[in-house]
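Structure incoming, see below.
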Protein chains: 2
Amino acid sequence: MTGNIVKNYDPTLYDRPSVSVDVVIFSLVAEDLQVLLVKRKYPPYTGMWAIPGGFVHMDEALEDAAARELAEETGVTDVYMEQLYTFGTPNRDPRTRVITVAYFALVPYDEVHPRPGDDATETAWFSVFDLPALAFDHKEILEYALTRLRYKLEYTAVGFQLLPDEFTLSELQRAYEIILREPLDKRNFRRKILTADILEETGNLRKLGEGRPAKLYRYRANAVAEVKTRRLFP
Amino acid sequence: MTGNIVKNYDPTLYDRPSVSVDVVIFSLVAEDLQVLLVKRKYPPYTGMWAIPGGFVHMDEALEDAAARELAEETGVTDVYMEQLYTFGTPNRDPRTRVITVAYFALVPYDEVHPRPGDDATETAWFSVFDLPALAFDHKEILEYALTRLRYKLEYTAVGFQLLPDEFTLSELQRAYEIILREPLDKRNFRRKILTADILEETGNLRKLGEGRPAKLYRYRANAVAEVKTRRLFP
DNA sequence: ACAAAAGTGTTGAGAGTACACCCATGC
DNA sequence: GCATGGGTGTACTCTCAACACTTTTGT
């Protein structure tokens, strides 16, 4: 049992897996919910589409690694990002044991300037409803991210992270309709979101050709972003 | 940039962190929500209380590692367990870089037979409202687990995992009152949970000394465990 | 018969849902 | 003056919350 004492004292004597981060990047593009994918430059799965990601540096926090990957692929910083789940099935990477901590990010489309990182030949947006074949277990990761995003949108105001700073109520309603895939009633939508007290008028108007100009709103930075859920028990 | 090609082809050339799992084990004990902690046998933090956990074996799935740790400390298998979050701040372990994937488990108190694993001198239950000093960043992990548990209890039926197979409605109500820390109305509670159609009578009665015997119920295995949330938008 | 716990209905308030027309601007 | 998108109110339904007494058993 002396071996156990040593092992418990010195974890570096255990075999260690590799640890990576992958970032599922969502945006609203052309009236559609899309994700940014990269085409792999190196084996395995060379030429296949994948979620952008990379290995965690030894002195780097996980969220810093995720933010670094996001910036490398899109140039954006300071966007909404949260840890999604950690995937570690033993043979998910054919090379060696790789445990990946997945994140998802919500970026306003107008802020993104995709550029392939060192390990990709190409980056492109894909509709979440029409995805190509994906490397590793990335299909599973993406499906989980989508489930979580939909779920989260239902009870938090996180959807604003997908819109530009200023937006009209019609644009906001369209964003929700795209993500939820159902039409919403205009009057009820406006009443509910305005009484929720999470928006403020910017004072500006948007004129786009025909029609009456729309008031522009912004998300109140200090707004309470969560809604009470209907509890199972009284 | 040839170095990059090699690195992308062979992730084992990167330095690798150690990866552990920690399991926050909740149960209802003596009218209180408690967690099982272990007293550390080895440095660092020798003699300090900690969340049970250990290193992930190279050929072992993360959830298998968590289930193994749970079984080692409590003897229980087949209980509710879910991945909580992955903590990877660079210096959270003074020995080396250790990334830990935290899980939380809900166990019925009557099934638990705590016994210290190889790396602990002692195990004990502690009220979540009166915790000792904890090793590493385990305080943070435990607080996060508690937040998640409370949150989850509000919109899923996961609370049943803390009770024995058969229970009375009064016991169930008391369990929810303990966790939510608020008194609930008996009539409203019973109406709501019975109309939710997630329980079935077992046909048995519980007699405990005085008072009218109570009908026993069990959680319907195939019941839909989630409640629709009240959406932020119509 | 009384102490102790189980069990049972009704009413009022607030939120959600469904639904149709007028307003400001560009062409 | 008409086409286009922006903006507004009301009535019905349903769920939630508050509240007190009767029933069954053991002693």
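Lettering follows sequence order; numbering is per chain, from 1.
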Between NZ of B:K192 and C1' of D:dA18 the distance, given in whole Å, is 15 Å

Residues passing the side-chain hydrogen bond (donor to acceptor under 3.5 Å, both in side chains) test with B:E171, sequence neighbours excluded, are B:R206

Hits for side-chain contact (heavy atoms from CB on, under 4.5 Å) against A:P164, two or more places apart or cross-chain, chain-then-number order -> A:D110

note: B:I193, atom CD1; C:dG7, atom C1'; distance rounded to Å ~ 15 Å

Separation of D:dT25 atom P from B:R212 atom CZ, nearest Å, is 7 Å

From CG of B:L205 across to C1' of D:dT25 the rounded distance in Å is 11 Å

Of the candidates C:dA4, D:dT24, C:dC27, the side chain of A:E210 sits closest to C:dC27

Sorted by chain and residue number, the side-chain hydrogen bond (donor to acceptor under 3.5 Å, both in side chains) partners of B:E111 (sequence neighbours excluded) come out as none

Taken in chain and number order and not counting sequence neighbours, the residues that satisfy side-chain hydrogen bond (donor to acceptor under 3.5 Å, both in side chains) with A:R191 are A:N188

Here the distance between atom P of D:dG7 and atom CG of A:L199, to the nearest Å, is 12 Å

Rounded to whole Å, the CZ-C1' distance (B:R206 to D:dG26) equals 17 Å

N/O-N/O pairs, protein side and nucleotides 8-11 of chain C side, under 3.5 Å:
residue, atom, partner, partner atom, Å
C:dG9, O6, B:R191, NH2, 3.1
C:dT10, O4, B:R191, NH2, 3.4

Taking the six-membered ring for Trp, are B:Y80 and B:F160 closer than 6.0 Å centroid to centroid? no

| message | Any side-chain N or O of B:S170 below 4.0 angstrom from OP1/OP2 of C:dA6? | response | yes

Here the distance between atom C1' of D:dA18 and atom CZ of B:F189, to the nearest Å, is 17 Å

Give every donor-acceptor pair under 3.5 Å between a side-chain atom in residues 141-150 of chain A and any protein atom, sequence neighbours left out.
residue, atom, partner, partner atom, Å
A:E143, OE2, A:K139, NZ, 3.0
A:T147, OG1, A:E143, O, 3.0
A:R148, NE, A:E82, OE2, 3.4
A:R148, NH1, A:L84, O, 2.9
A:R148, NH2, A:E82, OE2, 3.1
A:R148, NH2, A:Q83, O, 2.9
A:R150, NE, A:I179, O, 3.1

Which of D:dT25, C:dA6, D:dG6 is nearest the side chain of B:A214? It is C:dA6

